[in-house]
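Read the structure below first, then the notes.
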Amino acid sequence: MPELPEVETVRRGLQKLVLGQKIARVEVLYPKMIVGDADDFRAKLKDQTLENIQRRGKYLLFRFSNGLTVVSHLRMEGKFYVKEATDPVDKHTHVIFYLTDGRQLRYNDVRKFGRMQLVQTGSEEDLLGLAKLGPEPVAETFKVADFYQKLQKKKKNIKTALLDQTLVTGLGNIYVDEVLWQSKIHPQTICQKLTLEQATTLHDNIITELAKAIEAGGTTIRSYTDAFQKTGAFQFELDVYGQTGEPCKRCGTKIQKIVVGQRGTHFCPQCQQVVK
DNA sequence: ATGTATGTTGCCAA
DNA sequence: ATTGGCAACATACA
């Protein structure tokens, strides 16, 4: 599913494919996809040029020439494709941006969980989802001292805490399980119980893991593909996610799957012990 | 056939 | 204030 590395890979692909393109018109086939008025969305984007595509956490930010930004979240299965006008429209295509060069930028989403919203550039920071986001998982913005301080105030388990995007943004269910395994931390460990040493290890692993996953073009478990409809390669580098019953790569103990915060959670019961 | 699991965010309530 | 649970959906599979 699109976590930060997948969203970043999509962004890079779109950047190559449609940057500088002008919108001839927009068609909305499933209006609930658009937060706010779909007709207003269509009207305001007509004749605008796509000047830049940025990312914050798992959100894509399409910057247009008239000071407007389309904020898009892919949620579970959202995808952007660039197609020729003659290519048949998939039954799960919900929004089509007609480009003046004849091609079409299409938004596809089997489960219809994704959302798109048009806002004034700059004001996207006020949106609920973006306002609460923690730092980007890179050394320049994600600091161990802050991370540890925040962990010490939290009473929930580390897995749930990392998923809520406030400590650091970008991790989803797959990468959370991976970084906790790498850091030898049990997913149900209460944040307050983590030592500075553990927090430092976790912090460093989050930064390097997400960078490596971007390099590999993301992880394709069920259906993820990038803007070129290409699958990722990082699924071959996963150590615990989806490895239930397989031997732990460090100690040979069978990987277990449990439920933490209503989410399927993979871990090694030997390497990752709960700190009491 | 029917029920269950899937994963992200937003909303509701304890 | 913080935390937990569920809804929004469609599909695959037992």
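Remember, it's a predicted structure, so these values are computed and weren't measured experimentally. In the text below, chain A, chain B and the rest are named by the order of the sequence lines, each starting its count at 1.
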NZ of A:K159 versus C1' of B:dT8: gap in Å, rounded?
12 Å
Check the distance between C:dT2's P and A:N157's CG and give it to me in whole angstrom.
16 Å
How many Å lie between CZ on A:R115 and P on B:dT9, as a whole number?
13 Å
Between the main-chain N or O of A:K112 and the side-chain N or O of A:R115, is there a donor-acceptor pair closer than 3.5 Å?
yes
Touch class at under 4.0 angstrom, heavy-atom based, for A:Q165 against every strand present:
sugar-phosphate
Hey, does the side chain of A:Q243 reach the backbone of A:D239 with a donor-acceptor pair shorter than 3.5 angstrom?
no
Need one value for A:Y224: base, sugar-phosphate or nothing, where a base atom within 4.0 Å counts as base even if backbone is also close, heavy atoms only.
nothing
Closest-nucleotide mapping onto DNA chain B: is A:G264 or A:L130 further toward the 5' terminus? I mean the 5' end.
A:G264
Distance test, side-chain N/O of A:K112 to OP1/OP2 of C:dA10, below 4.0 Å
yes
In whole angstrom, give me the gap between the P atoms of B:dG3 and C:dA7.
16 Å
For B:dT8, does either OP1 or OP2 sit under 4.0 Å from a side-chain N or O belonging to A:R263?
yes
When you look for runs of 3 or more Watson-Crick or G-U pairs in a row, both distances below 3.5 Å, which of them include DNA chain B?
B:2-6 with C:10-14, B:8-14 with C:2-8
Would you say B:dT6 has OP1 or OP2 under 4.0 Å from some side-chain N or O of A:K257?
yes
When A:K156, A:K159, A:R263 are each screened for salt bridge (charged side-chain N to carboxylate O under 4.0 Å, His left out) with A:D164, the one that passes is A:K156
Selected nucleotide, minimal atom distance to A:H92 side chain, candidates C:dA10, B:dT8, C:dT3
C:dA10
Is the shortest side-chain N/O distance from A:K91 to OP1 or OP2 of C:dT11 below 4.0 Å?
yes
Report yes if a side-chain nitrogen or oxygen of A:H73 is closer than 4.0 Å to either non-bridging phosphate oxygen (OP1 or OP2) of B:dG10; otherwise report no.
no
Between atom CG in A:N173 and atom C1' in B:dT6, what is the gap in whole Å?
9 Å
Taking only side-chain nitrogens and oxygens of A:K58, does any of them come within less than 4.0 Å of OP1 or OP2 of B:dT9?
yes
Whole-Å distance between C:dT11 P and A:K79 NZ?
12 Å
Any non-hydrogen side-chain atom of A:I34 less than 4.5 Å from a side-chain atom of A:Q117?
no
Would you please classify the geometry between the A:H203 ring and the A:F142 ring as parallel, tilted or perpendicular, with 30° and 60° separating the classes?
tilted
Spacing of A:R111 atom CZ relative to B:dT6 atom P, expressed in whole Å
11 Å
Expressed as a whole number of angstroms, how long is the span from A:M76:CE to C:dC6:P?
17 Å
Quick note, A:E3 side chain, CB onward, closest among C:dG5, B:dT8, B:dG10 is B:dT8
Check the angle between the aromatic planes of A:F80 and A:F97 and answer parallel, tilted or perpendicular using the 30° and 60° thresholds.
tilted
Measure CG/A:L127 against P/B:dT8 and give the value in whole Å, please.
20 Å
Measuring from A:E6:CD to A:R11:CZ, what's the distance to the nearest 0.5 Å?
14.5 Å
Take A:D109 and A:G261, find for each the nucleotide of DNA chain C with the closest heavy atom, and name the residue whose nucleotide sits nearer the 5' end.
A:G261
Determine whether the side chains of A:T9 and A:D226 contain a donor N or O and an acceptor N or O closer than 3.5 Å.
no
Between B:dT9 and C:dA1, how far apart are the two P atoms, rounded to whole Å?
24 Å
